[in-house]
Protein chains: 2
Amino acid sequence: MKSTGSKHEQRSRATRAALVAAARPLFGERGYAGVGTEEIVRAAGVTRGALYHQFRDKTDLFDATVQAVEAEVTGLIAARVTATAADPVEALRAGARAFLDAFTEPDVERILLLDAPGVLGWRRWREIGQEYGLRLVTTSLTAAMTAEAAAARPVVPLAHVLLGALNEAALMVAHAEDPVAARVEMTEALDQLLDGLLVQG
Amino acid sequence: MKSTGSKHEQRSRATRAALVAAARPLFGERGYAGVGTEEIVRAAGVTRGALYHQFRDKTDLFDATVQAVEAEVTGLIAARVTATAADPVEALRAGARAFLDAFTEPDVERILLLDAPGVLGWRRWREIGQEYGLRLVTTSLTAAMTAEAAAARPVVPLAHVLLGALNEAALMVAHAEDPVAARVEMTEALDQLLDGLLVQG
DNA sequence: CTACGTACGTACAGTCTGTATGTGAATTTG
DNA sequence: CAAATTCACATACAGACTGTACGTACGTAG
């Protein structure tokens, strides 16, 4: 369990990690614009000088925070998908449910769905989502389609609209007056969407 | 063509309209955070005092701008839907195409899809979308479903995921390297989504 | 040991938002 | 119709925040 790199690199990684760890709950609670850099560095136990040495600007720190959150939730979802890998169609449904659960967490929703597109721009947002989540969707979708012997269709645009539907469903559930009932509703709606894609030839 | 109301009211409406009209292209070009109130009031030919007299704060002006844009694009889409109202299923598809065209405009995309959720919060964003767009989707969807004799399903959650898919599709098309090809692709993907909902019993 | 690069702290300048106060025109009232 | 009041707006100001310039201590290379 030896840390690698020179002492300078170790120190850099430590402060970067501390800043991201401190920024995540703050950004998740009050949004990107609602929390200043001073509060972040105080929570991280460093100064603003350290922040602006490690990150180009505030959005760069936010970018790193987004990546951290995305990596975390993708890991959770992937675990549930691979656990159901025996049945590809059911794995796809399980992935949708896991997605709903993960993105319904208030801080995840705020960071990944509400603030990230506006702050980082759609291009960068989608780039990160591509790196982490969309890959999982496309592979699951192709596996399910081949297993179901559905007509081979361009899978990438389908994956995109699916991801959009998933995002919207998560936002729906998160803000419903009755989240439990909403989760059931949206799960059914998503299942119908998936069935529609897989059933017809 | 007489204007109604007292001179005070007329003046208020005029400055409100001037501010929204001035804010719209600026917010659409450089985003909510990228343009200051001073620039807006200068473009509108008033001062910051007028702005903060007519609107509670900057987000309140942005709220009004969002509503203006939404009203405009909804009008465009509704026109194309009612023009195809004879065939409800085809009207639904026409609505999807009109949606893609409208929300692909860069300023519309930036204001309604990228900035609005983060600035106004999801709740308020969806409230506005509900008032203008979602109503159109649900009515079109129910008309198509009854015409197609598809199984009656809870239409509201379906309309939500559909709207999410439409949002995502518009963002896709807007940022594709080849927007023309992307529009074809996404139109097909959306048609498949709609077919899947309408065909199966 | 010397010279330099790296990580970080501090002080400052510029910008922006929201508010408090002043002013003239419009409306109401005695 | 004149006085008083309200309304729309202009101006000046206070507070906060971001990004940068500069200084410093520690680690590293020659």
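Every chain is numbered from 1, with letters handed out A, B, ... down the list of sequences.
Side-chain N or O atoms of A/Trp125 include one that pairs as donor or acceptor with a backbone N or O of A/Leu112 at under 3.5 Å.
Under 4.0 angstrom from either OP1 or OP2 of C/dC8 there lies at least one side-chain N or O belonging to A/Thr15. The side chain of A/Gln54 places an N or O atom within less than 4.0 Å of a non-bridging phosphate oxygen (OP1 or OP2) of C/dC8. Under 4.0 angstrom from either OP1 or OP2 of D/dC17 there lies no side-chain N or O belonging to A/Thr37. In this model, the phosphate group of C/dC8 is not approached by any side-chain N or O of A/Thr47 to a distance below 4.0 Å at OP1 or OP2.
Under 3.5 Å, the side chain of B/Arg48 and the base of C/dG18 form at least one donor-acceptor pair of N or O atoms.
If you take CZ of A/Arg13 and P of C/dT6, they are 16 Å apart, rounded to a whole angstrom. To the nearest angstrom, P of C/dT27 lies 9 Å from CD of B/Gln10. What separates CZ of B/Arg16 from C1' of D/dC7 is a distance of 15 Å, to the nearest Å. Distance NZ (A/Lys58) to P (D/dA16): 15 Å, rounded to an integer number of Å. Across the protein-nucleic acid pair, A/Lys7 atom NZ and C/dA7 atom C1' stand 14 Å apart, rounded to whole Å. Rounded to whole Å, atom P of C/dC16 lies 11 Å from atom CD1 of B/Ile40. Distance, B/His53 NE2 to C/dA20 P: 15 Å, rounded to whole Å. Whole-Å rounding puts the A/Glu9 CD to D/dT28 C1' distance at 12 Å.
Taking the nucleotide of DNA chain C with the nearest heavy atom to each of B/Tyr52 and B/Ser6, the more 5' of the two is matched to B/Tyr52. Map A/Gly36 and A/Gly49 each onto its nearest nucleotide of DNA chain D; the residue landing nearer the 5' end is A/Gly36. Taking for each of B/His8 and B/Arg56 the nucleotide of DNA chain C with the nearest heavy atom, the 5'-most of the two is the partner of B/Arg56.
Under a 4.0 Å N-O distance rule, the pair B/Asp195/B/Arg93 qualifies as a salt bridge. Looking at B/Glu188 and B/Arg183, no side-chain N of the basic residue comes within less than 4.0 Å of a carboxylate O on the acidic one, giving no salt bridge.
Ranking D/dA10, C/dA7, C/dT17 by closeness to the B/Ala50 side chain, first place goes to D/dA10.
Remark: A/Arg16 is positioned above the aromatic ring of A/Phe55, its terminal NZ or CZ atom under 6.0 angstrom from the ring centre and at most 45 degrees off the axis. Annotation: cation-pi pair B/Lys58/B/Tyr32 present, NZ/CZ under 6.0 Å from the ring centroid and within 45° of its normal.
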